[in-house]
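Chain letters run A, B, ... following the sequence lines, proteins first and then strands; every chain starts at 1.
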Number of protein chains: 2
Amino acid sequence: MALHKREEFSLKEQELAAFAKALSHPARISILAKLAKRNECVCGELVEALPLAQSTVSQHLKELKNAGLIDGTVDGPRSCYCINWKAFEKFMGEFSFLFNKLKIQNEKACC
Amino acid sequence: MALHKREEFSLKEQELAAFAKALSHPARISILAKLAKRNECVCGELVEALPLAQSTVSQHLKELKNAGLIDGTVDGPRSCYCINWKAFEKFMGEFSFLFNKLKIQNEKACC
DNA sequence: TTTATTCATCGTATAAAAACGATTAAAGAA
DNA sequence: TTCTTTAATCGTTTTTATACGATGAATAAA
């Protein structure tokens, strides 16, 4: 019985988990890094640079887009993607808030 | 054919993805947050605080431990867990390096 | 108009994750 | 020793993720 229970957690927890999930595959990390460096930007370039089929890359791009981490624009027959820095900063900030802040208060070992 | 291709990416990309994967479930976010706040620390307390069965919580703890994000100590019949801040900082730093640094250079929109 | 090119989507197959109950192992209490 | 408590592990089921080829839609070129 695998009734998933994601909904039974707080919205903040679900949001952070969803963000992390978008980053949880090396292909998506690689895509984001390439977009950050601006070497590749168009879908076809990403396909060439990755060891995956075109349909698979397209699928990963869709997941990143659904998570709000990238934006896509249609440029004729091509699709161009770029990082949504605002979303990225938001999530990184929330992780820092949730953990780093508390870290300072609880530097000593626990058990 | 789902021959997974995680190995075909760089080690750094695989490491970051593995870190993100550990954070990709709200239950694990919740566990980490509780450990950070030090309200709960012992496995049994976490089980009470979460809407999951004991075996499921134990499984999530194991994943966090395998990812190096928490440490566990046996205390008699109990198990006590705490966050590995060093690992946490390492990964957060790498994400910042990979994205935030480049962000400064490429503030303008892409496409 | 016809033909390529580019990419998203669909359908499908396999692998991994998530969840639980049952069992096991180890420590403490009776 | 026997019983209880605590938590890890095992086995199983269901859901989700990953990956690809094939198809389709839209633009550009011939």
B:Val57 or A:Pro51: which one's nearest nucleotide on DNA chain D is closer to the 5' end?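 It is B:Val57, whose closest nucleotide lies nearer the 5' terminus.
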
Please figure out whether A:Ser24 or A:Gly76 has its closest DNA chain D nucleotide nearer the 5' end.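 Looking at the nearest nucleotide for each, A:Ser24 comes out on the 5' side.
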
A:His25 NE2 to C:dA15 C1', straight-line distance once rounded to whole Å: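 Result: 11 Å.
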
Measure the distance from CG on A:Asn66 to P on D:dA17 and round it to the nearest whole Å.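 Rounded to whole Å, this separation is 11 Å.
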
With a 3.5 Å distance limit and no angle check, can you tell me whether [X] reaches the backbone of [Y] through a side-chain donor-acceptor pair?
{"X": "A:Glu63", "Y": "A:Ala22", "value": "no"}
{"X": "A:Arg28", "Y": "A:Lys21", "value": "yes"}
{"X": "A:His25", "Y": "A:Ala27", "value": "yes"}

Report the nucleotide, chosen from [options], that has the shortest atom-to-atom distance to any side-chain atom of [X].
{"X": "B:Lys5", "options": "C:dC7, C:dA19, D:dC20", "result": "D:dC20"}
{"X": "A:Gln54", "options": "C:dT6, D:dT9, D:dA22", "result": "D:dA22"}
{"X": "A:Arg6", "options": "D:dT18, D:dA7, C:dA18", "result": "C:dA18"}
{"X": "B:Lys21", "options": "C:dA17, C:dC7, C:dT5", "result": "C:dA17"}
{"X": "B:His60", "options": "C:dT5, D:dA8, C:dA19", "result": "C:dA19"}
{"X": "A:Ser55", "options": "D:dA19, D:dC20, C:dG28", "result": "D:dC20"}
{"X": "B:Cys43", "options": "C:dA19, D:dA7, D:dT18", "result": "D:dA7"}
{"X": "B:His4", "options": "C:dA16, C:dC7, D:dG21", "result": "C:dA16"}
{"X": "A:Tyr81", "options": "D:dT18, D:dA19, C:dA8", "result": "C:dA8"}

Select base, sugar-phosphate, or nothing to describe what [X] touches, counting heavy atoms under 4.0 Å on all strands.
{"X": "B:Lys65", "value": "nothing"}
{"X": "B:Val47", "value": "nothing"}
{"X": "A:Gln59", "value": "base"}
{"X": "A:Val42", "value": "sugar-phosphate"}
{"X": "B:Leu52", "value": "sugar-phosphate"}

Strictly below 4.0 Å: does B:Thr56 bring a side-chain N or O up to OP1 or OP2 of C:dA19?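 Answer no for this pair, as no side-chain N or O of B:Thr56 is under 4.0 Å from OP1 or OP2.
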
Matching residue for B:Ile29 among A:Glu13, A:Lys12, A:Glu15 - test: side chain to side chain contact (heavy atoms under 4.5 Å, CB included):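 Going through the options one by one, the only one that passes is A:Glu13.
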
Want to settle it: does B:Ala27 or A:Glu45 sit nearer the 5' end of DNA chain C, counting the closest nucleotide to each?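 This one resolves to A:Glu45.
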
On DNA chain C, compare the nucleotides closest to A:Pro77 and B:Arg78; which residue's is nearer the 5' end?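 Looking at DNA chain C, the more 5' nearest nucleotide goes with A:Pro77.
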
For the residue pair B:Phe88 and B:Phe19, does the interplanar ring angle fall in the parallel (under 30°), tilted (30 to 60°) or perpendicular (over 60°) class?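 Rings of B:Phe88 and B:Phe19: perpendicular, over 60°.
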
